[in-house]
Each structure stands twice: as structure tokens, then as C-alpha cells.
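Notes to accompany the following structure.
Each chain gets a letter, A, B and so on, in the order the sequences are listed, and its residues count up from 1. Remember, it's a predicted structure, so these values are computed and weren't measured experimentally.
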Protein chains: 2
Amino acid sequence: MSGQTTYADWIAVDWGTSNLRAWAMRGSTPVADAGSGKGMGSLNPDQFEPALLDLIDPWLGTGRTPVIACGMVGARQGWIEAPYAKVPCPPVGASSVKPEVKDPRIDVTILPGLSQTTPADVMRGEETQIAGFLGMTPEFDGILCLPGTHTKWVQVSAGEVVSFRTYMTGELFALISIQSVLRHSMDDAFDQDAFMAAVRDGMADPQALAGRFFALRAEGLVAETQPGMARARLSGFLIGAELAAAKPYWLGQRVALLGAGKLSDLYAKALAAEGVLPEIADVTEATLAGLTAAYETLKDAP
Amino acid sequence: MSGQTTYADWIAVDWGTSNLRAWAMRGSTPVADAGSGKGMGSLNPDQFEPALLDLIDPWLGTGRTPVIACGMVGARQGWIEAPYAKVPCPPVGASSVKPEVKDPRIDVTILPGLSQTTPADVMRGEETQIAGFLGMTPEFDGILCLPGTHTKWVQVSAGEVVSFRTYMTGELFALISIQSVLRHSMDDAFDQDAFMAAVRDGMADPQALAGRFFALRAEGLVAETQPGMARARLSGFLIGAELAAAKPYWLGQRVALLGAGKLSDLYAKALAAEGVLPEIADVTEATLAGLTAAYETLKDAP
């Protein structure tokens with residue numbers, strides 16, 4: 001114990017299916033942060049408040065601290081349902097909801113996600129990142145790509161989300177590489193050239209995807225595959241097939257990647273091979289900017 | 001205990017990754033059968049003989065009983081490796097291998113699988129079913145489809161396997177429906193019309209596959225999806241994409257489905273919509289016919 005106390009004007013929370021992350025905020029500046037694995041997927045409704053307090057208790061003062069949360073915490077199976085706003089609409093600004101809390105020191109607000117009727121699609125959490133990105137890049141008109149377990153391609157115009165589409169590429173990669181028969185062919189290496197070749201193959205002939213997976217296993221049995229080839233090629237085939245399907249989103253458009261780390265780098269490389277040079281923005285920064293904007297709006301509301 | 005004893009001339013064994021099945025044979029006729037979950041995937045090399053004896057002990061007499069086995073038991077991670085025969089070649093007939101056994105009452109032979117260099121592919125077990133099918137339908141020249149966890153499409157001509165291709169459709173369906181976020185949208189029902197519509201969609205636009213999965217989840221959230229729709233549509237999209245990729249195999253060809261049960265029925269319906277009316281053959285019958293032919297050949301060998 002350092003004896004030092006960090007008070008927060010308000011608390012920003014990104015609460016997904018698998019993880020919970022919170023920041024103690026002074027204005028728009030994070031002064032402390034904390035995280036846990038208590039994602040929405042592992043909690044019953046009455047376990048949300050204790051899971052939150054476990055993280056933020058040290059930041060609470062004697063008054064009532066506003067807590068602004070985005071993500072799957074607002075799903076039907078979450079703490080309390082925050083009904084979707086339907087696109088086209090601004091990414092954030094629709095009615096938020098407030099779960100009942102026992103602790104008088106917190107006042108929790110959960111931001112709603114976005115839904116689309118045709119084709120059916122939903123997002124929770126990404127809308128706040130999009131709002132934050134647009135706050136930092138107000139003139140942006142184009143396509144946002146948010147790589148992840150469920151990668152989103154989002155058409156943004158005049159400050160509104162016009163349409164979007166979700167690809168389960170990240171989840172498929174995890175399932176196939178960790179749980180399918182292909183796991184026997186995977187090692188920790190990742191060959192970048194093999195990745196790029198597979199992206200090209202995946203884009204050129206996406207309908208062959210279904211037949212490519214088992215070949216990755218068979219190549220390891222009938223030929224001597226180099227380490228790092230199978231993982232890179234699986235990733236490349238999946239991202240290539242996604243880019244082929246999402247082509248109407250990115251072709252000839254201004255594209256920004258909202259993400260960080262290796263996965264965003266892979267999307268950037270794959271897009272660059274198609275002549276698209278995406279801007280890259282930091283997703284944590286965007287999340288905090290979006291939550292801050294929501295906090296400012298809610299604070300000024302009557 | 002019935003007190004009744006079943007002696008076998010020889011014993012037929014189909015030993016896959018997840019299951020072990022054995023038949024006591026008199027000539028080409030099964031007179032008893034037994035099975036267990038002791039598949040190759042769960043056994044170390046020294047556990048194969050005890051797992052086999054657990055099942056077949058009651059069928060062993062005082063002499064030495066031949067045991068003919070096909071399947072993943074001959075994989076590198078199996079009991080003993082039975083190296084692949086390379087296509088084009090007859091489905092069965094290449095050198096088999098004999099693991100060392102401790103029990104003097106058994107003489108075990110493991111049949112090899114088939115491999116293909118380009119595109120890389122392998123099979124273990126299906127080659128014996130193909131041999132059995134060809135024994136029962138000796139004039140067959142065309143395409144065999146063996147639906148399963150790893151569905152095989154096999155070009156057969158003049159008694160040889162010319163080429164083949166494996167699609168992980170069954171494994172993908174299991175992973176996505178049981179382990180992905182789509183599991184929340186699945187129920188036990190299966191709408192046949194929704195399946196057929198999804199097969200058509202999957203075939204017409206296979207490159208859209210990557211974007212269809214999450215839509216199945218989203219439809220359940222933004223619209224009221226009927227029970228049985230999501231499971232049937234997932235199956236239809238995957239089988240439709242497989243049929244699109246495998247089209248060079250079945251288009252304008254004589255096609256036989258070697259399988260049984262609901263999965264083969266789905267493939268038959270999907271193919272029928274494309275004007276292909278496959279013959280359907282029983283896979284257990286084919287397995288036993290293939291093992292019997294191998295037993296007869298080995299018995300007569302010098």
C-alpha cells in the first residue's frame with residue numbers, strides 16, 4: 001500500500017464479454033487504471049456491482065462519482081439491457097440506462113450499442129470508440145475498420161454511422177487454430193511472407209476457403225512445412241476472405257484502422273497490398289475520448 | 001452372462017480418432033460387434049493393444065486370430081505408422097503394417113491411408129470404405145462423397161482413386177454451433193426450408209460466407225428468429241460454400257454418397273437442388289466389405 005489516494009472526477013469503464021477495464025478520470029485525463037477478467041460473460045446481474053467496486057473502490061471519495069460504461073455490460077444478458085440505437089444515427093447519444101446500485105458512492109450509466117436491420121448486425125462498445133475517433137478527427141468521412149474477435153467495418157458520414165458489417169474472423173481463427181484438427185500443425189511462429197501470399201490467395205478465390213483449411217493440416221503430413229507457415233496461412237486465408245467480402249466497404253475509400261497491436265498491423269499490410277493505406281488510430285485513446293464525450297453530455301443534461 | 005461364446009474367423013476394426021469399433025467376422029459376415037470411445041486421439045502407443053483386447057477378448061479362440069484395422073490407428077500419432085499410398089492408386093492394396101503385440105492370440109494388420117501431393121491432402125479409413133464400395137459396385141466410375149467431420153470428395157476411375165479433396169465442414173459446423181458466440185442462437189430444431197435457402201445463398205455467393213456467420217447471431221437480437229432457423233442456416237451456408245468449392249468434382253458427374261443418417265440426407269438434398277441425384281450407399285457395409293477384401297488378399301498372400 002502506497003498510502004497515496006487517487007480520487008476521480010468520474011470513472012470510465014469498458015466492459016466486454018471477457019474483460020473489464022476501468023480508468024479514474026480527471027476531466028478527459030486518465031489518472032489511474034485497473035482491469036480484471038470479470039467480463040460480462042462470466043457474471044450474473046447481481047455480480048456486476050461487486051465486480052466493479054473491486055476495481056474502483058480506491059478511487060471513490062465521499063461524494064457520488066459518475067461511472068460511464070460501454071460494451072457488453074449493456075447486453076440483454078448483462079447488468080441491465082441498454083436497447084440498441086438503430087443506424088443510421090450518431091454513434092453515441094441515444095438514451096442510456098442506469099442500473100440500480102446499492103453503494104451510494106456511485107452513479108452508473110450504461111451506453112447503448114447500435115443495431116442494423118438489413119443485413120442484421122449489432123455492436124456494443126465499438127460505437128463509443130467510433131464516437132471518440134470522430135471527436136478526435138471531426139472531418140472524417142469514410143470507413144472505419146475495428147479489427148478484433150468480431151471485426152467491424154463501419155461506414156461513417158457526416159458524424160453518423162450509416163451502415164456496418166461484422167466478420168467473425170478473429171473468433172474463427174481462434175477456434176480453428178486452437179481447437180480444430182489444425183492445432184497439430186500450429187507452432188508459435190508466424191511467417192509474414194506466407195501470410196501475404198495467403199491473403200492474396202484468399203482474396204483471389206474466396207470461394208475456395210472451405211477447402212483450404214484441411215490442406216494446411218495435410219501439407220504438414222505430406223510435405224515438410226516450415227515452422228510458422230500454417231498459422232500465418234490460416235490467418236491470411238481468413239483475412240483475405242474477409243477483405244474479399246468487405247470489398248464494397250474499402251474499395252476506393254478513405255479507411256482508418258481503429259485498433260492496436262499485431263492484428264491491426266496484419267490488416268494494414270493486407271490492405272496496403274490492395275493499394276489502400278489506412279490511417280491507424282489507437283483504440284484505447286478512442287474509447288476514453290468516446291466515454292469522456294458521453295460524460296460531458298450527460299453532466300450538462302438537465 | 002449368456003454363456004454363449006462367439007468365435008471369429010477374423011476381426012474387422014474401424015479405429016478412428018474418437019471411436020473404436022470392432023466386428024467378429026465369419027468370412028464376410030459380421031456375427032457380433034462392439035465399440036468404445038477409445039479412439040486413437042486418446043491413446044498412447046502402449047494403450048492400443050489393451051483397448052482392442054477389451055472389446056474383442058470374448059471372440060478369441062485358442063488359435064491366432066487375424067485382426068484387420070483401418071483408420072487413424074495407422075497415423076503417426078497412432079499405434080504404428082502405416083505410410084500413405086500416393087494417389088493415383090487403388091484405394092487399398094499398398095503395404096500394410098503390423099504392430100508388435102504381446103497377446104499371442106492376435107495377429108494385427110493396419111491398412112495404410114492415401115495421400116495426395118497437390119493440393120496436399122490425406123485420408124485414413126475412407127480408402128477402405130471406397131474399396132468396399134467399389135467391391136459392391138465394380139463398374140463405378142465417377143465421384144464419391146463421404147460426408148462427415150472431414151467430408152471427402154473423391155474422383156474414382158478404373159478402380160483407382162484419381163484425386164480427392166477434404167472439406168472441414170463438419171468440424172467447422174460443430175465448432176461454430178457449439179463453441180462460438182453463435183451457440184446462444186442455436187436450438188435443437190432444424191428448419192429444412194431455411195437449410196435449402198441457405199444452401200442456395202451459400203452456393204450463389206460463397207465469398208460472402210465470412211460475413212454470414214455473425215448475421216445469424218444478430219438476426220436473433222434485432223429480429224425474432226424462428227426456432228431452428230440459425231442451426232439450419234449455418235449448416236446450409238457451410239454445405240453451400242463446400243458445394244461451390246467442390247463444383248469441379250460433382251458437376252455433370254455420376255455421384256455416390258457414402259454415408260448414412262441425417263448428414264448424408266442434407267448433402268443429398270443440397271445436390272438434388274443442383275440437379276445431381278446421388279446414389280446413397282451404406283458406409284458400415286462399405287467399411288466391412290473393404291476390410292473383408294483386405295483380409296482375403298492378405299490371407300492368400302505368400
Roughly how far, to the nearest 0.5 Å, is [atom2] of [Y] from [atom1] of [X]?
X	Y	atom1	atom2	answer
A:L172	B:L172	CG	CG	7.5 Å
A:L216	B:M168	CG	CE	9.0 Å
B:L221	A:Y84	CG	OH	4.5 Å
A:R212	B:T166	CZ	OG1	15.0 Å
A:F214	B:T149	CZ	OG1	10.5 Å

Between [X] and chain A, with a heavy-atom cut-off of 4.5 Å, which part of the residue counts as in contact: side chain, backbone, both or neither?
X	answer
B:A223	neither
B:L238	neither
B:K247	neither
B:Q116	backbone

Between [options], who has the most heavy-atom pairs with chain A when the cutoff is under 4.5 Å?
options	value
B:P119, B:A218, B:G41	B:A218
B:A210, B:G220, B:S115	B:A210
B:S180, B:A241, B:G202, B:A246	B:S180
B:E242, B:K86, B:H150	B:H150

Within a strict 4.5 Å, meaning less than it, do heavy atoms of the B:D121 and A:V222 side chains meet? no

For A:R165 and B:G211, the nearest pair of non-hydrogen atoms, with its separation, is NH2-O, 3.1 Å

What one should report as the nearest heavy-atom pair of A:A245 and B:A208 is CB-CA, 4.3 Å

Whatever's closer than 4.5 Å to a heavy atom in chain B on A:L182 counts as side chain

- prompt: If only atom types and distance count, is the side chain of A:Q207 paired as donor or acceptor with the main-chain N or O of B:A244 below 3.5 Å?
  reply: yes

Does any N or O in the side chain of B:E171 come within less than 3.5 Å of the main-chain N or O of A:V181, such that one atom is a donor and the other an acceptor? yes

